[in-house]
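For reference, the structure is listed below as structure tokens.
Position 1 is the first residue of the sequence; numbering continues from there. Below, each value reflects all heavy atoms present in this structure, side chains not excepted, and no hydrogens, waters or symmetry copies. One-based numbering, in listed order, for ligands and for the atoms of each.
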Amino acid sequence: MRKRVLLLRFGELFLKGKNIKVFENALINNIKKQLEGEKFDFHVTLGRYIVSNYDIEVENRLIEKLGQVFGLFSLSPATEVFSYREEIEEVVNEINLEGMSYKVSVKRADKKFPISSMEYAKILGTIIWNNNLNPVVDLYNPQIEINIDIRNNGRAYIYTQTIPCQGGLPLGTAGQALLLLSGGIDSPVAGYLMAKRGLELHALHFHSYPYTSELAKEKVLTLAKELTPYVGNIKLHCVSFTKVQEAIHVNCVPEYMITIMRRIMMRVAEKICEENALGAIVTGESLGQVASQTMQSMTVTGSVVKTLPVFRPCIAMDKEEIMAVAKRIGTYDTSILPYEDCCTVFLPKNPVIRPAIEKAEREESFLNIDELVNECLAGEEVIEINRD
Ligand code: ATP
Ligand code: MG
């Protein structure tokens with residue numbers, strides 16, 4: 001028997017807890033969902049998942065899709081054989097090094113296999129040595145590593161390539177949260193990073209139509225869509241912020257405009273969390289990046305959220321690092337499109353860098369906060385963004 005398969009590895013870490021079954025079932029479900037529409041078989045063996053019986057022409061597409069599933073750590077395209085010496089050696093016999101230095105590694109999970117790993121690696125290494133012209137063995141830094149993984153399921157897997165996946169925890173195993181999604185670079189990255197820890201996402205976007213254009217909203221829809229291969233389907237809550245901004249503009253001092261806007265955003269976010277049973281708020285803030293992202297600013301904006309944690313996964317990241325993630329996951333090019341954000345409308349010249357809660361509260365006393373929040377919620381539009 002000889003079969004082309006994909007060998008999937010998941011994190012060993014999360015398998016130590018009490019909730020092994022919950023994690024495993026979620027991961028398996030997520031893998032199957034990710035490959036929906038493809039023809040394949042799926043098997044679970046001790047410590048590995050095997051995808052087989054697919055069309056070899058679509059292998060790269062399957063690898064790309066599996067590479068987006070949180071909870072998978074790496075995968076290898078492999079040749080599966082029965083774990084008999086003749087079968088393994090028949091495959092190894094055909095290996096052409098094409099001038100590359102090599103090393104053979106044997107892993108023997110199945111101790112019934114008659115030879116030790118070390119010994120068998122030597123035997124296979126010799127076969128390859130004899131079959132190739134001017135072979136070079138390099139045990140420390142080989143150009144090609146030939147792995148033979150002898151598993152407990154009566155099969156052996158022979159592979160040379162290990163492709164890293166996302167890592168993280170299976171989507172959904174940490175609950176659900178609300179991502180504050182602007183059109184910028186940071187918030188999509190924040191959503192990706194939290195989903196990687198197992199959170200499913202709703203998203204909330206504030207627009208200032210007609211001050212901001214339809215295109216600005218389209219941009220956010222595109223960003224949400226670009227996240228779906230990783231984070232799954234997203235419910236996007238779109239809320240008009242125009243009235244709030246006008247009210248602040250008319251009634252409050254300009255330096256506190258952004259602080260108060262942020263506090264109202266947080267209040268709206270907390271209400272939407274309540275209505276949808278979401279357990280946290282996620283933002284793309286990064287310490288010191290702009291005036292509204294100092295410690296004091298975050299204290300003053302965060303203090304209106306009473307019942308939930310606010311997660312800021314980009315808090316310790318440099319802009320360069322955030323941009324690198326955005327490029328890798330494919331949101332960067334959309335994020336840098338030049339449409340205005342609601343926060344740039346009415347932007348004050350000198351926003352306060354170290355706001356005080358008392359001062360923010362005083363400025364807010366000139367507004368009817370509850371009414372503004374309720375109006376935001378009343379005009380809420382919910383758009384389902386589904387993964388293709
Ligand atoms: P981003 O790149 O995510 O827009 P930023 O560096 O531009 O972030 P700010 O504009 O200060 O930073 O926004 C900080 C965070 O507040 C954002 O990361 C996002 O989570 C949230 N936010 C800002 N504007 C909006 C908006 N219009 N709708 C929803 N959330 C927003
Ligand atoms: Mg922004």
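The aromatic ring centres of F113 and Y120 sit less than 6.0 Å apart. For H205 and H237, the ring centers are positioned 6.0 Å apart or more. Proximity of the aromatic rings of Y49 and F42 is defined here by a centroid distance below 6.0 angstrom, and this criterion is met.
In terms of N/O distances under 3.5 Å, ligand 1 is approached by F206. When only interatomic distances are considered, the shortest N/O to N/O separation between I185 and ligand 1 falls below 3.5 Å.
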Tell me which donor-acceptor pairs under 3.5 Å the side chains of residues 271-284 have, and how far apart each pair is, sequence neighbours excluded?
unit_1, atom_1, unit_2, atom_2, d
N276, ND2, I272, O, 2.8
T283, OG1, E285, N, 3.3
T283, OG1, E285, OE1, 2.6

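Listed by atom number, the atoms of ligand 1 under 4.0 Å from G284 heavy atoms are 17 (C), 18 (O), 20 (O). For ligand 1, the atoms sitting less than 4.0 Å from at least one non-hydrogen atom of Q289 are 6 (O), numbered in the order shown with element in parentheses. Atom numbering of ligand 1 starts at 1 in the shown order; those under 4.0 Å from a heavy atom of T283 are 20 (O). Atoms of ligand 1 lying under 4.0 Å from any heavy atom of G184, numbered from 1 in the order shown and given with element: 1 (P), 2 (O), 4 (O).
By the 30° and 60° cut-offs, the orientation of the rings of F82 relative to Y84 is tilted.
Pairs passing the side chain to side chain donor-acceptor pair (under 3.5 Å) check and including a residue from residues 58-74, sequence neighbours excluded, read R4-E59, R9-S74, Q34-Q68, E38-R61, E38-K65, Y54-E59.
When the heavy-atom distances from atom 13 (O) of ligand 1 to H207, R262, H205 are ranked, the shortest goes to R262. Heavy-atom proximity to atom 21 (C) of ligand 1, evaluated over V290, L180, D186, is greatest for L180.
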